[in-house]
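Below is one structure; the comments refer to it alone.
When reading the values below, keep in mind they use all heavy atoms of this one structure, side chains included, and skip hydrogens, waters and symmetry mates. Throughout, a chain's letter reflects where its sequence line sits, starting with A, and its residues are numbered from 1.
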Protein chains: 2
Amino acid sequence: MTDTAPSRLRGDSLREMVLETALRLFSERGYFNTSVHDIRRAAGVSTGAIYHHFAGKEALAKALYDALLSRMETAVDTACAGQQGCLAQGRAIIARLFELTVEQPRTMQFVLLAQHREFLPQEPPICSSQPFQRMRKVVEDGMSTGEVRSMEPWVAATALFGGALRMMNLQLDQALDRPLISYLDEVVDCAWRAIRA
Amino acid sequence: MTDTAPSRLRGDSLREMVLETALRLFSERGYFNTSVHDIRRAAGVSTGAIYHHFAGKEALAKALYDALLSRMETAVDTACAGQQGCLAQGRAIIARLFELTVEQPRTMQFVLLAQHREFLPQEPPICSSQPFQRMRKVVEDGMSTGEVRSMEPWVAATALFGGALRMMNLQLDQALDRPLISYLDEVVDCAWRAIRA
DNA sequence: GCCAACCGAACGAACGTTCGGTATCTTTTT
DNA sequence: AAAAAGATACCGAACGTTCGTTCGGTTGGC
C-alpha cells in the first residue's frame with residue numbers, strides 16, 4: 001500500500017503555491033485586507049511553512065511583485081523583439097499587454113493598479129520600472145528615425161500608451177462590454193495618429 | 001483674565017480639521033497605514049470627537065471621498081461651462097485637472113490613485129463616477145457634431161484623456177522634471193490628433 | 001438644569017510573528 | 001545494506017502588539 005496520499009506540498013512547489021495564493025488574495029481583496037492566516041488557510045499550508053520560505057508578509061509581497069514584474073518585462077521585450085519601427089513595436093506591446101490583462105487579470109491588477117509603496121516603502125514607482133522604460137525607449141527611437149514627430153518624450157510616451165493603459169484599467173474594472181482585444185486596432189490607430197510624423 | 005487660550009476646535013471646524021488631517025495622512029501613507037489614533041494625534045482632537053462626527057474609520061474615509069469627488073465634479077463642470085465644442089471643452093478639462101494636480105496633489109492622489117474598493121467595498125469604480133462620465137459625454141457630443149471621427153466611444157474617451165491622466169500620474173510620482181502645466185499644449189495637441197475628424 | 005458636544009482610559013479582536021518540537025530527506029558510519 | 005547522525009523543511013499553539021471602537025463621565029452654551 002504505497003499510496004502517495006494527498007501528500008502535502010513541500011519545497012519549491014509549496015513556495016509556488018503560497019505565491020499563487022497570495023496573488024489571488026492580494027488582487028481580490030488587497031494586501032492589507034489579506035492576513036497571513038488567510039493565505040495559510042487558502043493555500044493549505046502551515047504558518048511555519050510560510051515563514052520558512054519568506055522573512056515575513058512584506059517580503060512575501062516583494063517576492064511576488066519582483067516575480068510578476070520580471071514576467072511582464074519578459075513579455076514586453078519578447079513582443080518587441082520581432083518588430084521593426086515604433087508603430088510595429090508599440091502595437092506589439094499594446095497587443096501583448098491586452099492579452100495579459102485578459103489572461104492574467106490578477107497579475108495586471110497587482111502589478112499595475114496596486115499602490116505598492118503603501119506596503120513596499122522601498123520600491124520605486126512603477127513608472128520607473130523596466131517595462132515602462134522600455135516603452136519610452138520605443139517612442140524615443142521612433143522620434144530619432146523620424147517616424148514620430150519631434151516632441152517632448154514624456155508627452156509622446158503617454159500619448160502612445162496612455163489610452164491603452166486606460167483601456168486596460170477599464171477592463172479590470174469590468175466597465176467594457178466587448179472583449180478588450182476587439183478594441184486593439186482602434187486604440188493603436190488613435191495612439192499612432194497622436195504622435196506620427 | 002479672559003484668555004481665549006488656543007481654544008480647541010468645536011463643531012464643524014473640528015469636523016473639517018479631522019477631514020483635512022485624514023486626507024493628509026491617507027494620501028501620504030495610505031488608508032491602512034493610518035490609524036484612527038494617528039489622525040487623533042495629528043489633528044489634536046480626542047478619539048471621542050472623531051467618533052462623534054463619524055460612525056467609524058470607514059465612514060470617515062467615505063465622507064472624505066464624497067467631498068473630494070464632489071469638488072472634482074464641480075471643477076470639471078465649471079471648466080466645461082464656458083467652452084464650446086469638444087476640443088475646447090476637452091482642453092479646459094485637462095487644464096483644470098493639471099492645475100488641481102499641482103495645487104492639491106493630495107486630493108488627486110486620494111481620488112484618482114488610491115484603490116478605494118479596498119477600504120470602501122460598496123463604492124463603484126472611479127471610472128463610473130460623475131467626472132469621468134462627463135469626460136465621455138464631451139467626446140460623444142464631439143462625435144455627433146462631426147468634430148470627432150466616428151469611432152468606439154470608449155476608445156475615443158481614453159484616447160482624449162488617457163495621455164493627460166498618465167501625465168498626472170507621472171507628476172504625482174514626481175517623475176517629471178518640468179512643471180506639469182508646461183506640457184499642457186503638447187498633451188492636448190496629441191490627444192486631439194488622435195480623435196479629430 | 002438641560003442637551004449636545006466632547007473626552008480618553010479601557011477593551012476585545014485580529015494581526016504578524018515566534019519558537020520548541022516533529023517529520024522527512026541526506027550524509028556518514030558501520 | 002542498514003543504522004545512526006545530522007540537516008533541512010515544516011508544524012501550529014501561543015505571544016505581544018496594535019487596531020478600531022466603546023462608554024461612563026465632563027464640559028460649555030443656552
Side-chain angles (χ1 to χ4, degrees), chain A residues 1-23 25-26 28-65 114 116 118-122, chain B residues 1-23 25-26 28-65 114 116 118-122:
Chain A
M1 223 183 110
T2 58
D3 69 339
T4 324
S7 71
R8 297 175 106 147
L9 295 173
R10 277 185 76 86
D12 286 347
S13 55
L14 187 149
R15 192 189 145 96
E16 294 281 320
M17 166 61 73
V18 171
L19 283 169
E20 244 172 69
T21 308
L23 172 58
L25 297 182
F26 286 167
E28 274 172 13
R29 328 161 169 183
Y31 176 83
F32 292 102
N33 287 321
T34 304
S35 72
V36 175
H37 295 285
D38 291 336
I39 299 172
R40 188 200 70 72
R41 197 177 317 116
V45 304
S46 72
T47 310
I50 293 181
Y51 280 86
H52 177 75
H53 286 280
F54 306 97
K57 189 188 178 187
E58 191 176 311
L60 165 55
K62 171 131 177 63
L64 183 58
Y65 182 65
H116 312 101
E118 284 185 17
F119 50 90
L120 299 176
Q122 308 293 354
Chain B
M1 222 182 109
T2 57
D3 68 339
T4 324
S7 72
R8 297 174 107 143
L9 297 172
R10 278 185 75 89
D12 286 347
S13 54
L14 187 149
R15 193 189 144 97
E16 295 282 321
M17 167 61 74
V18 171
L19 283 170
E20 243 173 69
T21 308
L23 171 58
L25 297 182
F26 286 167
E28 275 172 12
R29 306 131 66 139
Y31 176 84
F32 293 102
N33 287 321
T34 305
S35 72
V36 175
H37 296 285
D38 290 336
I39 299 172
R40 188 198 68 73
R41 198 177 317 116
V45 304
S46 72
T47 310
I50 294 182
Y51 280 86
H52 177 74
H53 286 281
F54 306 98
K57 189 187 178 188
E58 192 176 311
L60 165 55
K62 171 131 176 63
L64 182 58
Y65 181 66
H116 312 100
E118 285 185 16
F119 50 91
L120 299 175
Q122 309 292 355

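Nearest heavy-atom pair, B:Tyr31 versus B:Ala61, reported as atom, atom and distance to 0.1 Å: CE1-CB, 3.6 Å.
A:Ile50 places its CD1 atom 10 Å from the P atom of D:dC11, with the value rounded to the nearest Å. Per the geometry, CD1 belonging to B:Ile39 stands 18 Å off P belonging to D:dT18, to the nearest Å. Spacing between atom NE2 of B:His52 and atom P of D:dT21 amounts to 17 Å, rounded to whole angstrom units.
With DNA chain C read from its 5' end, the first of the two nearest nucleotides for A:Asn33 and A:Thr47 is the one closest to A:Asn33. In terms of position on DNA chain D, the residue among B:Val36 and B:Arg10 whose nearest nucleotide sits closer to the 5' end is B:Val36. DNA chain D is contacted by both A:Tyr51 and B:Asp38; A:Tyr51 maps to the nucleotide lying nearer its 5′ end (nearest heavy atom per residue).
Two residues are said to be in side-chain contact when any heavy atoms from C-beta on lie closer than 4.5 Å; A:Leu9 and A:Val45 fail this criterion. Contact of the A:Arg10 side chain with the A:Leu14 side chain is not registered, since no non-hydrogen atoms from C-beta on lie closer than 4.5 Å. Between A:Ile39 and A:Phe26 there is a side-chain heavy-atom pair separated by less than 4.5 Å. You'll find the side chain of A:Glu58 reaches within 4.5 Å of the side chain of A:Pro121, heavy atoms only. Residues A:Phe54 and A:Lys62 are not in side-chain contact: their nearest non-hydrogen atoms beyond the backbone lie 4.5 Å or more apart.
B:His53 comes within 4.0 angstrom of sugar-phosphate atoms only, judged by non-hydrogen atoms across all strands, and of no base. Within 4.0 Å of A:Ser35, counting heavy atoms only, lie sugar-phosphate atoms of the nucleic acid but no base atom.
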N/O-N/O pairs, protein side and nucleotides 5-7 of chain D side, under 3.5 Å:
none

inquiry  = For a side chain to side chain contact (heavy atoms under 4.5 Å, CB included) check, start with the C-alpha distance between B:Val18 and B:His53, then their side-chain angles and the critical distance, and finish with the verdict.
reply    = CA-CA 9 Å; B:Val18 171; B:His53 286 281; 6.0 Å; no
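First and last contacts of DNA chain C with chain B, using any nucleotide atom under 4.0 Å from a protein heavy atom and ordered 5' to 3', fall at C:dA5 to C:dG8.
Under the 6.0 Å distance and 45° angle rule, B:Lys57 does not count as a cation-pi partner of B:Phe119.
The pair B:Arg41-B:Asp38 counts as a salt bridge, with a side-chain nitrogen and a carboxylate oxygen less than 4.0 angstrom apart.
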